Number of protein chains: 2
Amino acid sequence: MCIIKIEMTLSEENYLKSIFHLEKKYARGVSTNALAEEMETKASSVTDMIKKLSEKNLVNYKKYQGVKLSEKGNSIAVQIIRKHRLWEYFLVEKLDFNWDEVHDIAEQLEHIKSDELIAKLDKFLDYPKRDPHGDPIPDAEGNFANLEKKILAEFNEGDQGICVGVKDSSAAFLQYLDRNKIKLGKSITILEKEQFDGSMILKMNNKELTISKVAANNIYLKPISLE
Amino acid sequence: MCIIKIEMTLSEENYLKSIFHLEKKYARGVSTNALAEEMETKASSVTDMIKKLSEKNLVNYKKYQGVKLSEKGNSIAVQIIRKHRLWEYFLVEKLDFNWDEVHDIAEQLEHIKSDELIAKLDKFLDYPKRDPHGDPIPDAEGNFANLEKKILAEFNEGDQGICVGVKDSSAAFLQYLDRNKIKLGKSITILEKEQFDGSMILKMNNKELTISKVAANNIYLKPISLE
DNA sequence: ACAAATTTTTAGATTTGTCTAAAAATAATA
DNA sequence: TATTATTTTTAGACAAATCTAAAAATTTGT
Ligand SMILES: [Mn+2]
Ligand SMILES: [Mn+2]
Ligand SMILES: [Mn+2]
Ligand SMILES: [Mn+2]
């Protein structure tokens, strides 16, 4: 219900977005150092920015206690994520980019300021629910449609699922998936799970494929109940 | 043939673009004040920036003599204009914006850095030659396809032409054109030209329409020879 | 050509976001 | 608990882009 638009710099927006993502991991408050690492900057710069965001009531901050997003800060962060993911979807679906090429461009596009633009883009794309990496695209009100998904590494022999997302969306990992023909939507059955190193033998595309635990830890499947 | 990419700030890019546009009017060099007015800033700020651009060999500058773009500066300016106009075309043709709503958004989008993005956008749009205001979109090599066009005010009674562009693309003027059903592509015949104030009576859409000299000075027609 | 008006440049200050180095607070360990 | 190690904050500096006020150069008008 906040009609008043707050002037946000590119830097402030990126901080809010990083805090949002880190809150998933550090529920009791995001530490200065964690944020510094995520933002690839120095802790002192983070402290400066946190003070500024706190001044604007976008985060709750007490010295030495880490930060959490305020309600307002959270809703701004969600809108930036919405823009990021809509642009990623556009780049892949309309401009024919590969899923490993879109992140850096979306990092720029997410800061374009125009509500009308994002509303019209959303309509043009026919209101997509997930970005090219399987991440949910929040709607205009900031609601995430969350799909049931589990990390592949946690599945057991005989389990089956559909690939619905990736945890690591680095170009290197996405290219690895491409080389192994692993795509969103593919049906995967776990044939074997090696106790020694956690590697897995999968059946996909009617072929067998072995992947490491590291890889399995970065792929999300939607479980299929086999009756 | 310049493979080396120069790091350009948003501000530098906007200066180059403004100099490019002003060079049309001030062929012997763009004055500090003209640039200050165009950029809506102070002359002293302009001097500072000109020195910086000159340092980078993007403009030729001698104190008190005004600036001209260097070859490199010109080609960067053209690429920014290309981006601006391609995005405007996208916004109107794909996202369904009206032609009076796109300029400010394109002002932001033109600074997104990715050659691949603009190449793919161009392809997606099927290599458009003109933006929604009739201005030419330079190709990847920076070549403008220039269409024959003349200011409506310079036409005479009996002359005929097709509306191909606007000189003023302010929202106010574009909305005036909308209200009077004047669109690109429309065929226009000059029925009368009032000597007293330069106003014109036009035939368009099989109806008569009177427009002021001010308006006629901001509309481009491609002349049709009547044999 | 000379004084007046205008344009342009310089000098110095400000804001934003960053940095390094040092101090202060907190956490870990013996 | 006392000492050490780590984290976080402060203090001070810097680069980019802007500003105001004043000085210098150029142009205009008589
Ligand atoms: Mn991304
Ligand atoms: Mn993504
Ligand atoms: Mn425009
Ligand atoms: Mn235009």
Side-chain angles (χ1 to χ4, degrees), chain A residues 6-19 22-23 25-69 73 76-77 80 107-108 110-111 113, chain B residues 6-19 22-23 25-69 73 76-77 80 107-108 110-111 113:
Chain A
I6 301 153
E7 293 291 319
M8 296 287 293
T9 67
L10 183 142
S11 201
E12 291 172 328
E13 290 190 345
N14 282 333
Y15 271 93
L16 289 186
K17 195 162 55 100
S18 287
I19 296 167
L22 289 170
E23 274 186 347
K25 201 172 158 189
Y26 305 100
R28 65 197 61 192
V30 177
S31 72
T32 304
N33 264 3
L35 202 39
E37 190 179 7
E38 175 81 11
M39 300 288 301
E40 298 182 76
T41 187
K42 298 300 159 76
S44 54
S45 304
V46 170
T47 304
D48 288 345
M49 182 56 88
I50 281 172
K51 282 178 179 169
K52 196 181 160 200
L53 293 173
S54 180
E55 206 59 47
K56 287 178 146 187
N57 291 308
L58 299 171
V59 299
N60 297 116
Y61 167 62
K62 277 194 299 197
K63 275 188 187 180
Y64 295 97
Q65 303 281 115
V67 272
K68 285 182 194 176
L69 293 174
I76 292 173
I80 298 162
E107 282 294 315
Q108 299 181 62
E110 72 189 2
H111 301 290
K113 273 145 189 90
Chain B
I6 302 153
E7 292 291 319
M8 298 286 295
T9 66
L10 183 141
S11 200
E12 290 171 327
E13 290 189 344
N14 282 332
Y15 271 92
L16 289 187
K17 194 161 55 99
S18 288
I19 296 168
L22 289 171
E23 274 185 349
K25 201 172 159 189
Y26 306 100
R28 62 197 62 190
V30 178
S31 71
T32 304
N33 264 3
L35 203 39
E37 192 181 4
E38 175 80 10
M39 300 289 302
E40 298 182 75
T41 186
K42 297 301 159 74
S44 54
S45 304
V46 170
T47 303
D48 287 345
M49 181 56 88
I50 281 172
K51 283 177 178 169
K52 196 182 161 198
L53 294 173
S54 180
E55 207 57 49
K56 286 178 148 189
N57 291 309
L58 299 172
V59 298
N60 297 117
Y61 166 62
K62 278 194 300 199
K63 273 189 187 179
Y64 295 98
Q65 303 279 116
V67 272
K68 285 182 195 175
L69 292 174
I76 293 173
I80 298 161
E107 282 294 315
Q108 299 180 63
E110 72 189 3
H111 301 291
K113 274 149 189 82

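These numbers come from a predicted model, not from an experiment. Numbers restart at 1 for each chain; the letters A, B, ... are given by sequence-line order, proteins then strands. Atoms considered below: every heavy atom in the structure, side chains included; atoms not considered: hydrogens, waters and symmetry mates.
Residue A:E7 holds its CD atom at 8.0 Å from NZ of A:K113, rounded to the nearest 0.5 Å. How far NE2 of B:H111 is from NE2 of A:H111: 15.0 Å, rounded to the nearest 0.5 Å.
Per the geometry, CD1 belonging to B:I50 stands 15 Å off C1' belonging to D:dT18, to the nearest Å. In this structure, B:K62 atom NZ and D:dT26 atom C1' are separated by 15 Å, rounded to whole Å. As rounded to whole Å, 16 Å separates atom C1' of C:dT8 from atom CD of B:E37. Between the C1' atom of C:dT26 and the CD atom of A:Q65 lies a distance of 10 Å, rounded to the nearest Å. If you take CG of B:L10 and P of D:dA16, they are 15 Å apart, rounded to a whole angstrom. Rounded to whole Å, atom P of C:dT16 lies 14 Å from atom CE of A:M8. We find that CG of B:D48 is positioned 11 Å from C1' of C:dG12, with the value rounded to whole Å. At whole-Å resolution of the value, CG in A:L35 and C1' in D:dT8 are 13 Å apart.
Of all non-hydrogen atoms in A:S18 and A:E38, the two that sit nearest each other are OG-CG, 3.4 Å. Between B:N33 and B:A43, the shortest heavy-atom contact is OD1-CB, 3.7 Å. Of all heavy-atom pairs between B:I6 and B:K56, the closest is CG2-NZ, 4.4 Å. Between A:L69 and A:E23, the closest heavy-atom pair is N-OE2, 2.6 Å. The shortest non-hydrogen separation linking A:G66 to A:Y61 is O-CD1, 3.9 Å.
Under the 4.5 Å side-chain criterion, counting only non-hydrogen atoms from C-beta, B:V59 is not in contact with B:V30. Contact check for A:M39 versus A:M49: no side-chain heavy atoms found under the 4.5 Å cut-off.
Between A:T41 and C:dC19 there is a side-chain N or O to OP1 or OP2 distance below 4.0 Å. Between C:dT8 and B:N33, a contact under 4.0 Å exists linking OP1 or OP2 to a side-chain N or O. Look at B:T9 and you won't find any side-chain N or O under 4.0 angstrom from OP1 or OP2 of D:dA16. The side chain of A:S11 places no N or O atom within less than 4.0 Å of a non-bridging phosphate oxygen (OP1 or OP2) of C:dT16. Using a 4.0 Å cut-off, some side-chain N or O of A:K51 falls inside it from OP1 or OP2 of D:dT10. For C:dT8, the OP1/OP2 oxygens have no side-chain nitrogen or oxygen of B:Y61 closer than 4.0 Å. Phosphate proximity of D:dT26 to B:K63: absent, as no side-chain N or O sits under 4.0 Å from OP1 or OP2.
Heavy-atom distances under 4.0 Å link DNA chain D to no residue of residues 52-60 of chain A.
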Just the table, please: protein N/O against nucleotides 20-25 of chain D N/O, every pair under 3.5 Å.
from: D:dT20; atom 1: OP2; to: B:K42; atom 2: NZ; distance (Å): 2.5
from: D:dT20; atom 1: O4; to: B:S44; atom 2: OG; distance (Å): 3.0
from: D:dA25; atom 1: O4'; to: B:Y64; atom 2: OH; distance (Å): 3.1

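Between the A:Q65 side chain and the A:G29 main chain, no donor and acceptor come within less than 3.5 Å of each other.
Counting any heavy atom pair closer than 4.0 Å across all strands shown, A:T47 reaches a base atom.
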